[in-house]
Amino acid sequence: MASRLVTTTPHRRRGQITLPKLDNERTSIFDLLENPIGELLTSFQTLQTNFEQMREINDSLTDFNLAFGGFVQGLQLNAVCINFPEAPNEESFKLPEYEAQLANLESIVAPSEPEVAEVPTEPVIAMDVDVSEKPVSRNQEKPTARVMVKKAPVFPLKRILDSLPDRYREQNHRKNIEAILKLLRKSSDGVYLQDIIKFTDTPKNWCNIYLNMLCNEKHLEKISKKGLLYRLDPVKYPPLKSSK
């Protein structure tokens with residue numbers, strides 16, 4: 001015959017149970033089973049409490065799986081529906097070289113605002129005039145030489161800042177926008193968004209707000225070229241000629 005399997009509770013120390021002798025006059029068999037049945041009832045109540053707690057844990061895990069599954073599905077839909085030009089690509093690995101070039105450009109001392117060269121008036125040449133000569137008529141007058149001086153392009157930084165909306169004329173916003181415009185003025189090819197954030201030390205969210213506002217005001221151009229590239233409008237603000 002197979003041996004009978006006896007299970008024990010692991011949290012309770014098993015010991016020898018000695019039943020008192022049955023006294024036929026005062027004690028019955030039900031009185032002897034009262035304490036063991038009470039302990040069995042307590043054990044079943046504890047087991048029920050544990051199962052209820054496990055059910056609560058299972059419900060919480062189910063809610064979390066549903067919520068996290070919706071979040072992941074939202075990310076997938078967002079990736080399909082929205083173009084993300086700032087996603088890492090092969091050109092992202094060339095950023096250190098580009099940043100080194102931009103750092104060299106930053107190390108060059110920026111020249112001060114070019115002064116407007118004054119156009120001289122017509123030169124007056126002193127000549128010895130002979131009274132005996134006949135006066136020259138107007139039609140026979142020789143044209144006087146005019147000295148034409150080409151004006152250097154002037155970047156109207158102050159005029160741009162004064163034309164901004166009122167909320168961006170405050171000192172903190174004005175200082176950040178001025179730094180962005182000066183950086184873009186130095187590079188005629190444009191500057192990427194991450195480099196503008198880095199070299200102007202402007203928070204990313206405010207930098208996006210400033211750049212979008214300047215694009216709406218027709219001061220900047222936004223180009224999607226392996227990332228977001230910003231540059232000054234070349235028609236309004238001709239680029240500076242690089243010195244050889």
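In what follows, every heavy atom counts, from backbone to side chain, and hydrogens, waters and symmetry copies are set aside.
- Under the 3.5 Å distance criterion, the side-chain polar atoms of Asp201 are left unmatched by any main-chain donor or acceptor of Ile197.
- Formation of a donor-acceptor pair under 3.5 Å by the Asn212 side chain with backbone atoms of Asn208 is found in this model.
- Atom-to-atom distance recorded for Leu157:CG and Tyr237:OH is 9.5 Å, nearest 0.5 angstrom.
- Between Arg167 and His173, the shortest heavy-atom distance links the atoms O-CD2, 3.1 Å.
- Between Glu178 and Lys182 there is a salt bridge, since a side-chain N of the basic residue sits under 4.0 Å from a carboxylate O of the acidic one.
- The main-chain N or O of Lys218 is found under 3.5 Å from a side-chain atom of Lys236 such that the two form a donor-acceptor pair.
- Here the side chains of Tyr230 and Ile223 are not in contact, with every heavy-atom distance at 4.5 Å or above.
- Looking at Arg159 and Asp162, no side-chain N of the basic residue comes within less than 4.0 Å of a carboxylate O on the acidic one, giving no salt bridge.
- By the neighbour-count criterion of 12 heavy atoms within 6.0 Å, atom CD of Glu97 is sparsely surrounded, having that number or fewer from other residues, nucleotides or ligands.
- Considering CD1 of Ile209 and CD1 of Ile177, their distance stands at 10.5 Å, rounded to 0.5 Å.
- Crowding of Gln73 atom CD: a count of heavy atoms from other residues, nucleotides or ligands under 6.0 Å not exceeding 12.
- Without hydrogens or angle criteria, Ser187 side chain to Leu183 main chain gives no donor-acceptor distance under 3.5 Å.
- A 6.0 Å sphere centred on NZ of Lys204 holds no more than 12 heavy atoms belonging to other residues, nucleotides or ligands.
- The hydrophobic cluster containing Leu105 also contains Leu181, counting ILVMFWY residues as joined when their side-chain heavy atoms lie under 4.5 angstrom apart, directly or transitively.
- Between Pro238 and Arg185, the closest heavy-atom pair is O-NH1, 2.9 Å.
- When each of Leu228, Ile180, Leu184 is checked for a side chain to side chain contact (heavy atoms under 4.5 Å, CB included) with Val191, only Leu184 meets the rule.
- Using a 4.5 Å cut-off between side-chain heavy atoms of Ile, Leu, Val, Met, Phe, Trp and Tyr, with links allowed through other members, Ile196 and Met213 fall into the same hydrophobic cluster.
- Across Gly190 and Arg231, no two heavy atoms sit closer than the pair CA-CB, 3.6 Å.
- For the atom pair CZ of Phe199 and CD of Gln194, the computed distance is 10.5 Å after rounding to the nearest 0.5 Å.
- Phe64 and Val72 end up in the same hydrophobic cluster when Ile, Leu, Val, Met, Phe, Trp and Tyr side chains are linked at under 4.5 Å.
- Atom CG of residue Leu40 and atom CD of residue Gln45 lie 10.0 Å apart, to the nearest 0.5 angstrom.
- Ring-plane geometry between Tyr168 and Tyr210 is classed as perpendicular, the angle between the planes exceeding 60 degrees on a 0 to 90 degree scale with a lower cut at 30.
- Under the 4.5 Å side-chain heavy-atom criterion for grouping Ile, Leu, Val, Met, Phe, Trp and Tyr, Leu193 is connected to Leu232 within one hydrophobic cluster.
- The minimum heavy-atom distance linking His219 with Ser163 is given by the pair NE2-OG, 3.9 Å.
- Connection of Ile160 to Trp206 is established within a shared hydrophobic cluster, with ILVMFWY side chains joined at heavy-atom distances below 4.5 Å, either directly or through further cluster members.
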TODO: Give the C-alpha distance, both sets of side-chain angles, the deciding distance and a yes or no for salt bridge (Lys or Arg N to Asp or Glu O under 4.0 Å) between Asp195 and Lys198.
DONE: CA-CA 5 Å; Asp195 296 325; Lys198 177 180 178 182; over 6 Å; no
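- Taking CG of Asn216 as the reference point, atom CG of Leu211 lies at 11.0 Å (rounded to 0.5 Å).
- No donor-acceptor pair under 3.5 Å is formed between the side chain of Asn58 and the backbone N or O of Met54.
- A distance of 11.0 Å separates CD of Gln101 from CD of Glu99, quoted to the nearest 0.5 Å.
- Taking the side chain as every heavy atom from C-beta outward, Thr42 and Glu39 never approach each other to under 4.5 Å.
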